[in-house]
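Quick caveat: nothing in here was measured; it's all calculated off a predicted structure.
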Amino acid sequence: MRIAEMLNAIASWLESPHNEALLLAEYHEDSMKVVAESCVLAAALLKNAADQVSDLEPPPESNITP
């Protein structure tokens, strides 16, 4: 797996409504707000990092042989 793919996968998990942190925080409104905002911000940072890393990573090796 490439680094950019891994970062995007983590960002998707953070944005998911099934994220365990969100599920634990849903019983307290103030906590839920902080957790949700933090997860969205973290996901945005990771997506940005994935875009930057994608430009830097060498292309994947081909599985096709001559």
Could you give the distance from [atom1] ([X]) to [atom2] ([Y]), rounded to the nearest 0.5 Å?
X     : Y     : atom1 : atom2 : answer
Ser38 : Lys33 : OG    : NZ    : 11.0 Å
Leu23 : Met32 : CG    : CE    : 7.5 Å
Asp51 : Asn8  : CG    : CG    : 7.0 Å
Ile3  : Gln52 : CD1   : CD    : 12.5 Å
Leu46 : Leu41 : CG    : CG    : 11.0 Å
Trp13 : His18 : CH2   : NE2   : 13.0 Å

Return the minimal non-hydrogen interatomic distance between [X] and [Y], and the atom names on each side.
X     : Y     : answer
Leu14 : Ala42 : CD1-CB, 3.8 Å
Val35 : Ala25 : CG2-CB, 3.8 Å
Ala4  : Ser54 : CB-CB, 4.0 Å

May I ask you to test the Leu22-Pro17 pair for a side-chain heavy-atom distance under 4.5 Å?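 Side chain of Leu22 against side chain of Pro17, heavy atoms only: no contact under 4.5 Å found.
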
Glu5: side-chain contact (heavy atoms from CB on, under 4.5 Å) partners, not counting sequence neighbours: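 Scan of Glu5 (side-chain contact (heavy atoms from CB on, under 4.5 Å), adjacent residues dropped) gives Met1, Arg2.
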
